[in-house]
There are 2 protein chains.
Amino acid sequence: MKLNGQQLKFVQTWGILGNNWGINKTMAQLHALLMISENALSTEEMMETLQISRGNTNMNVRALVEWGLANKEMMAGDRRDFYSAKKDIWVVARQIAKQRRKRELEPVIAALVEIKSETVNTDENTELLNRVNDIEDFAIKIDKMLEKFEKSDENWFYKVLLKLV
Amino acid sequence: MKLNGQQLKFVQTWGILGNNWGINKTMAQLHALLMISENALSTEEMMETLQISRGNTNMNVRALVEWGLANKEMMAGDRRDFYSAKKDIWVVARQIAKQRRKRELEPVIAALVEIKSETVNTDENTELLNRVNDIEDFAIKIDKMLEKFEKSDENWFYKVLLKLV
DNA sequence: TTTTACTTTCAATAATTATTGAAAGTAAAA
DNA sequence: TTTTACTTTCAATAATTATTGAAAGTAAAA
C-alpha cells in the first residue's frame, strides 16, 4: 500500500501519540495503517509500506491482535495471513481502556491493598497510610468508571457527557 | 529519611506505575517519597533515601514542581531548598490530567485538524477522512471532559460517578 | 572581595527498549 | 516424502532514554 502525504502524516502522528502513551511506535503505526486501509494487508505489504523488518512487523501486528485492535484474516487460496483493524473509534477506545486498566490500574490497586495489610498503624506510618487509602479510593473509582466504559456503547458515553454540562 | 519496608514498597510501586504511564521512574519515586514524608525534604535527603545522584534528583524534583506536583520551600536561616508534595490525591490527579491533556491530546487534535485541511476528498482518501473525523470528534470530547475535570472539585467527580449508575 | 554552601548544567556513560534479519518452525502443495 | 511459501523466534545490534558526577554557576555570609 503506497501512502500519500496525508496518509503518511496520519500514520506518523498516531505513532507519536502511541509513543507518548507507552505503546511502541511500530505497533501504533501498524494500527494507523490498518485503520486507513480499505482492505486487509499482508505482512509483506505492511513491511514495505512502513519500511520495517519482517520480525518487527510480525511481533507488533500480533500484539495488535492480542490487544483486540486487529483481526487476522485468511483468504481462500492464499497461504498468507492478512490483518485488518477495528475501525470503530469507540471499539478501539474501549479495547485500549481495557488493556490499560488490566495492566496499569489493577496491579496498583493490588499493591496498595497489600501495603495496607502489611502496615502497622504507628506514628511513622501515618502519612503512608493516609496516602495509600486516598489513592486506593481514587484508583477504585477510576477502575469502576473504566469498567463501565468498557461495557458501554457510544450512547452511554454521550449521555454521560450531556450530564456533565 | 530512612524508609521502612512498606514505605519502600510504596515508593517502588509508584515508580513502576509512573513508568507504565511514560513518566520517568525517578520522578515518580521522588513524588511518592515526598507524599509520604511528614516534612519537606532537602536534595541531600532525597539523594540518600533513593540512592540517586545529585543531578538526577535536581532535574526530576524540578520537573515535579513544573508539573505542579511539588513545591519548593525555603527555610529561614537555611540556604538549602526544600521540597514538599501536594498530598491531596484530587489535586494530584487534576494536575496530571492537565499536563497529559496539554502534552498528548492537544497536539493530536491539532495534527488531525491539519491533516483534514490538507486532504482532498478523493476515493483514495475516504478511509483516512473517516478515521480522522471520528478520532477528532472523540478526542475533542475527551479533551472537554478532562478540561472540566481540571476545574472541578472532588464533589463534582462524586456526583458524576453517582449519575453513571 | 573572597569564601562557602549550595544548585544547575551537561557531556559521558549506563540501562533500557526497539529493531533487524537470519535461522528455525509449520503446514499446504507437489 | 520433499519442496515451497509462508510465519515465528531470538540473539545481536541499534536507538533511545535515564543517570551519573564533575564542573560551572549563584548568591549569601564572612
Side-chain angles (χ1 to χ4, degrees), chain A residues 11-12 14-34 40-67 70-84 99-100 103-104, chain B residues 11-12 14-34 40-67 70-84 99-100 103-104:
Chain A
V11 168
Q12 276 164 186
W14 207 241
I16 292 167
L17 173 70
N19 216 226
N20 288 338
W21 273 71
I23 290 160
N24 102 31
K25 198 186 66 186
T26 303
M27 182 170 161
Q29 288 189 342
L30 282 167
H31 185 223
L33 176 62
L34 292 175
L41 301 177
S42 67
T43 301
E44 203 73 31
E45 218 164 353
M46 294 185 277
M47 286 170 61
E48 273 164 29
T49 310
L50 298 183
Q51 308 262 49
I52 53 175
S53 73
R54 186 173 300 282
N56 199 7
T57 308
N58 182 265
M59 300 240 325
N60 285 106
V61 89
R62 281 186 304 135
L64 282 175
V65 172
E66 206 197 308
W67 275 56
N71 295 113
K72 196 191 246 193
E73 286 179 22
M74 310 294 182
M75 302 241 185
D78 198 323
R79 262 199 225 172
R80 292 170 297 172
D81 296 345
F82 288 81
Y83 294 88
S84 65
Q99 293 295 330
R100 295 187 72 91
R103 290 173 195 219
E104 289 162 25
Chain B
V11 167
Q12 277 165 184
W14 206 240
I16 292 167
L17 173 69
N19 215 223
N20 288 337
W21 273 73
I23 290 161
N24 101 31
K25 198 186 66 185
T26 302
M27 183 170 160
Q29 288 189 341
L30 282 167
H31 185 222
L33 175 62
L34 291 175
L41 301 177
S42 67
T43 302
E44 202 74 31
E45 217 163 354
M46 295 185 277
M47 287 170 61
E48 274 165 27
T49 310
L50 299 182
Q51 307 262 52
I52 53 175
S53 73
R54 186 174 302 280
N56 200 8
T57 308
N58 182 265
M59 300 241 323
N60 286 107
V61 89
R62 279 186 306 136
L64 282 175
V65 172
E66 205 196 309
W67 275 57
N71 294 112
K72 196 192 244 192
E73 286 179 23
M74 310 295 183
M75 300 238 188
D78 198 323
R79 262 198 225 173
R80 291 169 298 171
D81 296 345
F82 288 82
Y83 294 88
S84 65
Q99 292 294 330
R100 295 186 72 90
R103 289 174 196 220
E104 288 162 26

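Predicted model only: the values in this text are computed from it and were never measured. Numbered from 1 within each chain, the chains take letters A, B, ... in sequence-line order.
Between C:dT7 and B:Asn58, no contact under 4.0 Å exists linking OP1 or OP2 to a side-chain N or O. In this model, the phosphate group of D:dA18 is not approached by any side-chain N or O of B:Asn56 to a distance below 4.0 Å at OP1 or OP2. Under 4.0 angstrom from either OP1 or OP2 of C:dT7 there lies at least one side-chain N or O belonging to B:Thr43. In this model, the phosphate group of D:dA18 is not approached by any side-chain N or O of B:Thr26 to a distance below 4.0 Å at OP1 or OP2. An OP1 or OP2 oxygen of C:dT8 is reached within less than 4.0 angstrom by a side-chain nitrogen or oxygen of B:Lys72. Phosphate contact (OP1/OP2 of D:dT19, side-chain N/O of B:Asn24, threshold under 4.0 Å): present. In terms of phosphate contacts, A:Arg54 brings no side-chain nitrogen or oxygen within less than 4.0 Å of OP1 or OP2 of C:dA22.
Residue order along DNA chain C, read from the 5' end via each residue's closest nucleotide, puts B:Arg62 first among B:Arg62 and A:Gly55.
A 3.5 Å limit on both hydrogen-bonding distances identifies C:dG25 as the Watson-Crick or G-U partner of D:dC6. The partner of C:dA30 is D:dT1, by the rule that a Watson-Crick or G-U pair needs both atom distances under 3.5 Å. Across all strands shown, the partner of C:dA11 is D:dT20, judged by Watson-Crick or G-U wobble contacts whose two distances both fall under 3.5 Å.
For B:Ile23 and D:dT17, the CD1 to C1' distance is 15 Å, given to the nearest whole Å. Following rounding to the nearest Å, B:Glu44 (CD) and C:dT7 (C1') show an atom-to-atom distance of 12 Å.
Under 3.5 Å, the side chain of A:Arg79 and the base of D:dT7 form no donor-acceptor pair of N or O atoms.
Minimum atom distance to the side chain of B:Met59 is reached by C:dT9, of the listed D:dT17, C:dT9, D:dT9.
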